[in-house]
Amino acid sequence: MLAASSDGATVPGELAGSGPGLPAGLSRTSGYLDHPVFHEHRSETAMLRYLRRLADFDIALDRSMIPLGSCTMKLNAAAEMEPVSWPEFADLHPFAPAGQAAGYAELISDLERWLAEITGYDAVSVQPNAGSQGELAGLLAIRGYHSSRGDAGRDICLIPESAHGTNAASAVLAGLRVVVVKCGGDGAIDLGDLHAKLADRGGQIAAIMLTYPSTNGVFEETVTQVCEAVHAAGGQVYVDGANLNALVGLARPGWFGADVSHLNLHKTFLHPARRRRPGRRPRRGPCHLAPFLRPALPAVPGPLRWRPHPMGRRGSADLLGVHPDDGAGRAPPGHRGGHPHRQLRGLPAGPALPVLYTGRGGLVAHECILDLRPLTRETGVTVEDVAKRLIDYGFHAPTMSFPVAGTLMIEPTESEDLAELDRFCDP
């Protein structure tokens with residue numbers, strides 16, 4: 001049965017307000033789609049041109065800097081991406097016989113070895129296909145480790161206020177309870193609050209998830225003390241490796257106390273949304289988390305066969321074609337420093353707008369937070385106003401109001417050289 005609506009159109013009777021499908025009190029009485037844009041474009045050509053005009057409003061990386069603190073807005077060199085299209089890599093089936101995959105096995109083995117050297121870990125798994133999967137897999141490895149020791153009651157994950165926002169979501173998904181650790185006025189972890197929470201819940205602590213350098217844009221100078229305190233309480237240390245670009249060639253997470261990480265290789269080297277999850281640090285005896293890193297994939301024989309574990313598979317083997325460009329972007333063996341653009345960390349904070357948190361000597365790490373709250377109080381100009389004005393000048397807007405409301409977070413150093421950074425900073 002059809003009924004007439006107020007504008008003359010016909011709708012099913014049960015949706016007209018009289019039937020059981022929609023209670024009368026929920027029937028819509030206001031108009032909808034009444035903006036002229038919904039009625040102006042009456043031909044395919046007009047619609048196409050309208051969509052093109054909208055696309056032209058966008059500020060893309062091929063036109064301008066994108067200073068977002070975003071994992072996806074980073075440039076990958078063509079020389080690094082090109083191997084993905086080579087048939088020698090792209091046409092290999094993930095479940096090809098081991099005899100046909102010897103080259104790939106060597107490629108994966110080399111990549112794991114290089115990443116282990118860069119990070120200071122003992123073991124590396126290249127299975128997770130995304131940072132979300134890397135975080136979850138790392139936490140599941142920690143949970144599996146505790147369970148193997150009869151310590152399954154450890155279900156609390158400490159997360160500092162300065163950590164990435166994804167960390168809490170991953171911890172909850174892994175079945176852990178989140179307890180937030182406060183940060184001090186300098187943006188660093190409040191050791192007093194950390195020790196208090198460890199003393200109160202010591203036997204329940206499964207892990208702490210650190211972002212290093214932190215989302216506040218500072219290097220935690222007490223990171224070793226934090227790791228030691230959590231280890232003393234029986235917990236493990238997860239270091240979010242999204243900001244490895246600020247460390248590579250200069251420091252290794254496995255050397256200052258981390259047990260497990262995922263690595264954002266696209267930010268450190270190249271490819272978008274590819275993360276890696278190394279094992280544990282080499283200075284604490286056996287690789288206690290290594291047996292929990294590699295889930296079961298029994299269909300793949302030989303060197304590609306991953307040892308079974310009840311955590312199951314995380315990710316899949318269908319992205320083997322990405323490994324060549326991961327390898328293309330890495331520093332050569334024995335190379336101790338990052339590429340020049342990766343050395344643009346530790347930048348001095350500028351005087352025009354106050355930087356919310358700085359490290360020793362007024363330096364910031366891979367990103368910084370501009371505090372616009374004083375400007376807003378004095379003039380009424382908001383972060384949204386500044387973001388829109390930057391667009392007028394051809395710059396993509398930075399991250400607004402994260403991790404602190406009323407601020408702008410700028411993270412340009414994975415893709416931009418010093419000249420472009422100067423152009424962005426100059427009035």
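Any value given below was found using the heavy atoms of this structure, including those in side chains, with hydrogens, waters and symmetry copies removed.
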Participant: Angle between ring planes, F256 versus Y212, binned at 30° and 60°: parallel, tilted or perpendicular?
Facilitator: tilted
Participant: Mind checking side chain to side chain contact (heavy atoms under 4.5 Å, CB included) for L48 and listing every partner two or more places apart, or none if nothing turns up?
Facilitator: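 Side chain to side chain contact (heavy atoms under 4.5 Å, CB included) check on L48 returns nothing, list empty.
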Participant: Go through the structure and list residues passing side chain to side chain contact (heavy atoms under 4.5 Å, CB included) with D110, not counting sequence neighbours.
Facilitator: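 Testing D110 for side chain to side chain contact (heavy atoms under 4.5 Å, CB included), a comparison that skips the adjacent residues, returns E106, R113, W114.
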Participant: Let me confirm one number: the CG-CD distance from L140 to Q133, rounded to the nearest 0.5 Å.
Facilitator: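 If I round to the nearest 0.5 Å, the distance is 11.0 Å.
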Participant: Show every side-chain hydrogen bond (donor to acceptor under 3.5 Å, both in side chains) that has at least one partner inside residues 368-378, sequence neighbours left out.
Facilitator: D371-R373
Participant: With sequence neighbours excluded, tell me which residues meet side chain to side chain donor-acceptor pair (under 3.5 Å) with D58.
Facilitator: none
Participant: Under the side chain to side chain contact (heavy atoms under 4.5 Å, CB included) test, which residues partner A188, sequence neighbours left out?
Facilitator: D186, E220
Participant: Restricting to ring-ring contact (aromatic ring centres under 6.0 Å, His included), what partner residues turn up for Y50, sequence neighbours left out?
Facilitator: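 By the ring-ring contact (aromatic ring centres under 6.0 Å, His included) rule, Y50 matches H41.
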Participant: Taking everything shown except R53 itself, do over 12 heavy atoms lie less than 6.0 Å from its CZ?
Facilitator: yes
Participant: What pairs meet the salt bridge (Lys or Arg N to Asp or Glu O under 4.0 Å) rule with one or both residues in residues 22-50, with sequence neighbours excluded?
Facilitator: none
Participant: Going by ring-ring contact (aromatic ring centres under 6.0 Å, His included), name the residues that satisfy it together with Y357, two or more places apart in sequence or in a different chain.
Facilitator: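 None.
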Participant: Can you sort out the partners of E221 under side chain to side chain donor-acceptor pair (under 3.5 Å), two or more places apart, ordered by chain and number?
Facilitator: R360
Participant: Salt-bridge test for D56 and R52: reply yes if a basic N is under 4.0 Å from a carboxylate O, no otherwise.
Facilitator: yes
Participant: Suppose we screen for side chain to side chain contact (heavy atoms under 4.5 Å, CB included). Which residues come up paired with R177, at least two apart in sequence or across chains?
Facilitator: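 With neighbours one apart ignored, the set is D155, I156, Q204.
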Participant: S170: what forms a side chain to side chain donor-acceptor pair (under 3.5 Å) with it, not counting sequence neighbours?
Facilitator: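 Scan of S170 (side chain to side chain donor-acceptor pair (under 3.5 Å), adjacent residues dropped) gives E135.
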Participant: Assign the ring pair F89 / W86 to parallel, tilted or perpendicular, where the plane angle (0 to 90°) is split at 30° and 60°.
Facilitator: parallel
Participant: Who pairs with E420 by side chain to side chain donor-acceptor pair (under 3.5 Å), at least two apart in sequence or on another chain?
Facilitator: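 Counting only residues at least two positions away or on another chain, E420 forms a side chain to side chain donor-acceptor pair (under 3.5 Å) with R423.
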